Amino acid sequence: MENREIARLLSETADLMEIAAEDPFRIRSYRNAATVIEGYPESVAEMVRDPARKVTDIPGIGKGLAAVLEEIQARGSFERRDEMLAKYPPTALELLKIQGLGPKSIARLWEHYRVSTIDDLERVCREEKLRLLPRMGAKLEEKVLRSIAYYRQGAGRFTLNFASEVVEELTAYLGAESVSVAGSYRRGKETVGDIDLLVTGEGAETALERFVAHPRVGEVLGKGRNKASARIGLEGLQVDVRALPAESLGAALQYFTGSKEHNVALRQRALRLGYTLNEYGLFRMAGETLVAAASEEEIYAALGLDWIPPELRENQGEIEAAGEHRLPDLVQLAQVRGDLHMHTRESDGRATLEEMAEAARALGYEYIAITDHSKSLAMANGLDERRAVDFAARVREANRQGLGIHVFSGLECDIRRDGSMDLTDDALAELDFVVASVHSYMSLESVEMTDRLLRALENPHVRAIGHPTGRVLLHREAFSFDFERVAAAAAKRGVLFEINASPERLDLDAPLIRQAKALGARFAISTDAHHPKHLANMRFGVSMARRGWLEAADIVNTLPLDRFRVLCGI
DNA sequence: ACCCGGTGGGGTGAAAGCTCATAAGCTTT
């Protein structure tokens with residue numbers, strides 16, 4: 001079993017234990033163990049099997065959890081988990097994703113009404129029975145119903161951190177001469193519903209057999225000669241694998257990459273030009289002569305178009321632009337030279353300044369900004385004025401000593417309800433790069449939120465607005481405000497929009513990026529890393545930027561260090 | 001549960017504010 005799956009068993013059990021109101025410190029130990037195991041460089045399952053190794057050498061794993069890991073390795077579950085599952089249905093975990101409900105409420109709902117699924121929950125709300133329970137009322141019923149509706153929109157979709165692991169693992173595993181990923185994953189969409197893989201060449205036919213035999217494949221939904229579908233992992237992400245001849249890979253890739261809207265428009269164009277386009281190729285209609293199929297470039301060229309990068313294929317003007325040879329020269333990951341939003345142990349990050357700097361240096365960056373939280377986010381141990389100023393001095397000293405990369409002292413400063421900054425201007429003036437972010441009062445009316453953000457933009461020390469809409473994918477909607485006014489003001493004041501590359505956020509999204517660019521805004525793509533490995537999430541942010549039609553010139557952290565310093569005056 | 005440090009037991013990751021309902025539970029990273 002993979003580390004990630006072990007971690008999942010532990011953290012799900014911790015959730016159930018919370019519903020059962022067990023000892024909070026024990027619960028924390030399970031959660032901590034899950035985090036440590038997920039990030040552990042070796043296979044924990046193999047360590048359990050190897051008599052020469054001791055899992056208790058892993059920090060956070062003691063006698064109790066070592067026994068749990070033994071049991072997981074032996075039979076895929078463990079006693080406490082079974083006990084919890086006997087007490088509460090496994091679907092109760094899903095209820096934790098509904099905003100407004102926590103472990104106590106879920107326990108009560110189960111005890112009083114045997115509510116165990118989202119459908120049950122919806123019924124209880126509609127029948128106005130939730131309000132009869134202690135500490136619950138009519139308002140909560142409304143809130144829960146709204147949250148259910150939002151949750152259902154995202155049901156069955158997955159964020160890119162998980163999807164990318166599956167793609168990378170299967171690509172290596174299938175063993176065909178070529179494996180290409182298509183679908184919304186290839187278009188860089190922020191969440192995916194399934195994964196489409198195309199295999200060709202040597203080993204393509206046996207790849208389907210290998211696929212359904214993969215140890216993490218659960219339910220096989222179908223398997224024929226050319227296609228196999230299955231759900232993978234405990235999460236149940238659907239993967240479709242298609243085997244096809246290399247001669248028609250381009251047509252298949254074009255077709256299965258989509259989007260549907262792009263393909264419809266492309267086929268209409270083909271018809272106008274006397275062709276027909278399908279997943280096997282582009283054909284001249286009379287006589288059905290094959291015109292192009294092996295590569296996407298040939299197909300687009302035959303239709304009089306430049307090759308369109310997958311991220312743009314949404315039928316949002318890209319076909320017209322390709323016909324007029326004015327597609328943007330989209331930003332690429334390799335052009336990124338720095339990362340301007342990350343955390344260390346100073347607040348809620350996991351690593352030190354030096355460790356983050358070293359990881360960034362290893363990625364080939366020239367500079368980073370360390371931006372820990374400010375004091376309002378007490379939960380994250382945010383910095384007050386004094387600590388922020390001391391930290392800036394520490395960063396200056398670290399740069400003098402030399403880190404192999406330039407580090408800017410920064411802060412992710414809370415934007416308070418009235419739009420003022422959480423720290424004084426004097427303190428902010430000591431820092432090189434201040435990102436201002438909203439972390440509270442997210443449900444303000446649009447007018448108040450707009451005024452709040454406009455005021456934040458007025459602060460002379462603010463360089464960027466962090467995760468500007470506050471959305472958390474599959475969990476929380478963007479808060480409402482007048483984006484056009486805020487973007488226009490940001491452009492005027494030279495404040496950057498962050499494109500937050502964390503796969504949980506990906507904020508701004510593509511339509512807002514395009515809108516902001518049209519209003520003259522500039523951008524920073526930043527990972528918001530809380531751990532050195534999170535720096536690698538930059539690629540997801542670059543995908544969003546590309547979906548927003550951005551070029552390197554739109555993004556400040558593609559600038560070399562000296563030019564970036566001049567731009568920011570630091 | 002773990003860890004430390006000691007062979008018995010104490011400490012553990014940080015608080016503020018909102019909502020709904022009237023004391024507690026949830027949210028925020």
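Below, each value reflects all heavy atoms present in this structure, side chains not excepted, and no hydrogens, waters or symmetry copies. Naming: A, B, ... by sequence-line order, numbering from 1 per chain. Please read all numbers here as calculations on a predicted model, not as lab measurements.
- Ion pairing between A:Arg8 and A:Glu38 fails under the 4.0 Å rule for side-chain N and carboxylate O.
- The 5' end of DNA chain B is approached more closely, in terms of each residue's nearest nucleotide, by A:Ala378 than by the other of A:Arg131 and A:Ala378.
- Using a 4.0 Å cut-off between a side-chain N of Lys or Arg and a carboxylate O of Asp or Glu, A:Lys375 and A:Glu385 qualify as a salt bridge.
- Nucleotides B:dG10 and B:dG25 have their C1' atoms positioned 29 Å apart, rounded to a whole Å.
- Remark: the separation of the C1' atoms in B:dA16 and B:dT29 is 14 Å, to the nearest Å.
- Taking atom CG on A:Asn32 and atom C1' on B:dG11, their separation rounds to 15 Å, with Å as the unit.
- Closest approach of A:Gly60 to A:Leu65, counting heavy atoms only: O-CD1, 3.7 Å.
- Within the 4.0 angstrom heavy-atom criterion, only backbone atoms of the sugar-phosphate kind lie near A:Arg80; the bases stay farther away.
- The interatomic distance linking A:Arg31 (CZ) with B:dT12 (P) rounds to 19 Å, in whole Å.
- Residues A:Glu366 and A:His406 bring no donor and acceptor atom of their side chains to less than 3.5 Å of each other.
- Between B:dT27 and B:dC20, the two P atoms lie 12 Å apart (nearest whole Å).
- Within 90° of 0 lies the glycosidic angle of B:dT22, which makes this nucleotide syn.
- In this entry the distance linking CZ of A:Arg146 with C1' of B:dC20 reads 13 Å, nearest Å.
- Between the C1' atom of B:dT19 and the CZ atom of A:Arg417 lies a distance of 13 Å, rounded to the nearest Å.
- A distance cut-off of 5.5 Å between ring centres, combined with a plane angle under 30°, places A:Phe25 in a stacking arrangement with the base of B:dT12.
- Taking atom C1' on both B:dT22 and B:dC18, the two are 15 Å apart, rounded to the nearest angstrom.
- Spacing between atom CG of A:Asp57 and atom P of B:dC3 amounts to 10 Å, rounded to whole angstrom units.
- With a 6.0 Å radius and a threshold of 12 heavy atoms from other residues, nucleotides or ligands, A:Glu458 has its CD atom above the threshold.
- Heavy atoms of A:Ala138 sit under 4.0 angstrom from primed sugar atoms or phosphate atoms, though from no base atom.
- Between the P atom of B:dC20 and the CD atom of A:Glu128 lies a distance of 16 Å, rounded to the nearest Å.
- Taking atom P in both B:dG11 and B:dG6, the straight-line distance is 14 Å, to the nearest Å.
- Between the OH atom of A:Tyr441 and the C1' atom of B:dT19 there is a distance of 13 Å, rounded to whole Å.
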Exercise for the section: Take A:Glu346 and A:Arg387 through the salt bridge (charged side-chain N to carboxylate O under 4.0 Å, His left out) test and state the conclusion after the steps. Expected result: CA-CA 9 Å; A:Glu346 198 66 31; A:Arg387 284 176 65 205; 3.5 Å; yes
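- Across all strands, A:Ile27 comes closer than 4.0 Å to no nucleic acid atom at all (heavy-atom distances).
- The existence of a salt bridge linking A:Arg452 and A:Glu448 is excluded, since no basic side-chain nitrogen approaches an acidic carboxylate oxygen closer than 4.0 Å.
- A side-chain donor from one of A:Asp348 and A:His530 sits under 3.5 Å from a side-chain acceptor of the other.
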Practice task
Report the secondary structure of DNA chain B in dot-bracket form, marking unpaired bases with a dot and bases paired to a different strand with |, and treating Watson-Crick or G-U pairs with both distances under 3.5 Å as paired.
Solution key: ((((....))))..(((((....))))).
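- Applying the 6.0 Å contact sphere to NZ of A:Lys54 captures no more than 12 heavy atoms from other residues, nucleotides or ligands.
- Sparse packing is recorded around CD of A:Glu79, with 12 or fewer heavy atoms of other residues, nucleotides or ligands lying under 6.0 Å away.
- Side-chain contact check for A:Ser374 and A:Asp422: at least one donor-acceptor pair (N or O, by modelled atom type) lies under 3.5 Å.
- Across all strands shown, A:Pro24 has no heavy atoms under 4.0 Å from either base or sugar-phosphate atoms.
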Completion exercise
Nucleotide by nucleotide, nucleotides 22-29 of chain B touches protein heavy atoms under 4.0 Å in the pattern (B base, S sugar-phosphate only, - none) SBBSSSBB
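- Rounded to whole Å, the P atom of B:dG13 lies 24 Å from the corresponding atom of B:dG17.
- Atom NZ in A:Lys63 sits about 9 Å away from atom P in B:dC2, given to the nearest Å.
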